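Some notes on the structure that comes next.
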4 protein chains.
Amino acid sequence: MNSVVLVGNLARDPELRFTAGSGKAVATFSLAVNRPFAKEGQQNADFLRIVVFGKSAENCANYLSKGSKVAIQGRIQTGSYETSTGEKRYTTDIVADRVEFLSRVNKENQGGFGQDDFGGGFNNNNNPEGFQALDDDDDDIPF
Amino acid sequence: MNSVVLVGNLARDPELRFTAGSGKAVATFSLAVNRPFAKEGQQNADFLRIVVFGKSAENCANYLSKGSKVAIQGRIQTGSYETSTGEKRYTTDIVADRVEFLSRVNKENQGGFGQDDFGGGFNNNNNPEGFQALDDDDDDIPF
Amino acid sequence: MNSVVLVGNLARDPELRFTAGSGKAVATFSLAVNRPFAKEGQQNADFLRIVVFGKSAENCANYLSKGSKVAIQGRIQTGSYETSTGEKRYTTDIVADRVEFLSRVNKENQGGFGQDDFGGGFNNNNNPEGFQALDDDDDDIPF
Amino acid sequence: MNSVVLVGNLARDPELRFTAGSGKAVATFSLAVNRPFAKEGQQNADFLRIVVFGKSAENCANYLSKGSKVAIQGRIQTGSYETSTGEKRYTTDIVADRVEFLSRVNKENQGGFGQDDFGGGFNNNNNPEGFQALDDDDDDIPF
DNA sequence: TTTT
DNA sequence: TTTT
């Protein structure tokens with residue numbers, strides 16, 4: 001059993017690539033998960049490397065950017081590799097089975113007024129698969 | 001082991017009461033958790049009864065209302081009782097250890113323009129204990 | 001987001017049925033999840049109705065029985081129905097995405113010496129899909 | 001929100017130390033979490049560094065050893081440090097809020113016949129706090 | 001007896 | 001209507 005749930009903000013824009021063999025989409029990004037009880041001067045967030053596959057990866061690349069808030073369900077995956085100088089390094093990633101979008105930053109308008117809450121009318125489905133019904137108007141009301 | 005994580009919207013305003021013995025605060029509310037893959041005509045959410053204790057209960061009563069979005073970490077608790085006619089009924093509640101506020105609806109202004117997103121910059125601490133740093137300004141940038 | 005992880009013991013043997021339309025297997029059972037801090041005289045477990053589909057349902061029916069210990073990953077699902085007298089009743093089930101077998105009770109030998117631990121060495125795969133590699137020898141070393 | 005649940009086996013005996021300031025107990029160990037769908041020749045487990053504090057840490061040191069099976073509830077914590085040559089390294093630990101014992105290996109008898117399942121009679125509480133009612137007999141029946 |  |  002290996003189950004992880006995180007809610008946090010993208011620390012950087014997602015990167016999208018495709019596997020050599022099957023051409024499957026793979027998105028990676030860094031997620032900042034706030035530590036609610038961090039004291040002044042302490043590290044106040046944990047930074048996790050998130051890996052997403054398939055259609056969900058494409059949705060992440062298309063709709064998320066630095067600052068976007070997401071909820072993630074997945075599992076922890078560890079690995080290792082050797083540096084060019086022959087040293088062993090260990091990695092820890094979160095492989096996401098599900099990414100739920102809680103806000104986004106408009107990619108054309110980042111740092112400006114582009115961030116909207118995913119409000120959505122009744123029946124709104126704000127997750128990557130079957131993604132629709134964005135709040136794309138210009139007001140500041142999230143739904 | 002009994003661990004639950006939910007992200008959803010309050011289906012009604014929280015109710016606050018205090019235990020007879022110690023006067024400890026207890027908040028209860030119904031949480032609507034959307035089903036991302038619900039088809040047209042199907043039930044599109046699960047409705048869970050959430051129970052919160054102590055300081056966190058008071059924060060829920062003060063800062064949340066119908067429509068607010070929260071993330072909850074806790075455990076499932078089952079129980080039973082007898083009706084006035086002697087029938088046995090079973091209950092299932094979620095006892096929350098942690099409630100993270102993802103949005104709120106301003107209680108004085110509900111149904112209007114009162115809903116703000118909880119900022120969520122890396123430095124922001126948007127949880128009930130030590131609650132602070134709301135994004136209360138008038139712009140539409142969440143951090 | 002709706003994620004549940006439970007570790008507990010089957011309170012009764014699983015029941016297996018098949019859906020009317022597609023003939024898909026559905027197993028249901030009651031899981032007793034111990035409350036670690038229950039005081040003398042208090043309820044010391046929560047009892048959840050677990051629903052499993054497909055090949056995993058068949059494995060549950062074949063390898064689990066009353067008393068078996070399992071870890072479950074899934075989601076909470078609520079529903080409602082009307083009694084024959086027209087009263088509305090509410091239900092809460094756990095729909096399992098994954099069932100990991102931590103022990104079983106031999107179905108031919110229940111109540112006797114049939115309970116074996118599921119090994120669990122690093123190479124062992126003790127989950128319903130691709131179920132194999134039981135520790136069926138007569139010693140008491142689990143790997 | 002940062003919630004992790006793992007079920008796995010200790011890859012090594014726990015190490016116990018005490019904090020410099022308050023003398024609080026801290027246990028650390030490596031947990032092997034099996035990957036149920038690993039193919040022949042692939043890495044078949046993830047190895048996580050677990051950190052436990054307080055009374056629970058002492059129970060881990062006293063009752064667990066290499067091979068013991070546990071369920072863990074906690075959170076992911078990342079950090080960084082500098083090597084003696086000035087390079088930055090990143091760490092990822094699991095800080096455990098709860099450790100549930102699912103089996104142990106007798107510390108005096110490791111590698112032999114010492115591993116018993118935590119069976120326990122009715123009302124048994126097999127978790128670190130208030131730890132009791134071990135199955136210490138010599139037979140191979142877990143309860 | 002429901003949210004978005 | 002319960003497990004260990």
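Quick caveat: nothing in here was measured; it's all calculated off a predicted structure. Proteins get letters first, then strands, A, B, ... in listed order; numbering begins at 1 in each.
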Sequence neighbours left out, what passes side chain to side chain contact (heavy atoms under 4.5 Å, CB included) with C/V51? Give chain and number order. C/V26, C/T28, C/R49, C/F53, C/D93
Taking only residues two or more places apart in sequence, or in another chain, which ones meet C/T83 in a side-chain hydrogen bond (donor to acceptor under 3.5 Å, both in side chains)? C/T85
Taking 4.0 Å as the cut-off, does a side-chain nitrogen or oxygen of B/K66 come that near to OP1 or OP2 on E/dT3? yes
If only side-chain N and O atoms of C/K88 are considered, is one of them under 4.0 Å from the OP1 or OP2 phosphate oxygen of E/dT1? no
Whole-Å distance between [N] [atom2] and [X] [atom1]?
X     : N     : atom1 : atom2 : result
C/L31 : F/dT2 : CG    : P     : 16 Å
C/I94 : F/dT2 : CD1   : P     : 20 Å
C/L10 : F/dT2 : CG    : C1'   : 11 Å
B/I76 : F/dT3 : CD1   : P     : 19 Å
C/F47 : F/dT4 : CZ    : P     : 10 Å

Decide side chain to side chain contact (heavy atoms under 4.5 Å, CB included) for A/I72 and A/V5; before the verdict, give the C-alpha distance in whole Å, the side-chain angles of both, and the deciding distance to 0.1 Å. CA-CA 5 Å; A/I72 281 173; A/V5 181; over 6 Å; no
Counting only distance, no hydrogens or angles, is the base of E/dT2 paired donor-acceptor with the side chain of B/N9 under 3.5 Å? no
Nearest of F/dT4, F/dT2, E/dT3 to any side-chain atom of C/R12? F/dT2
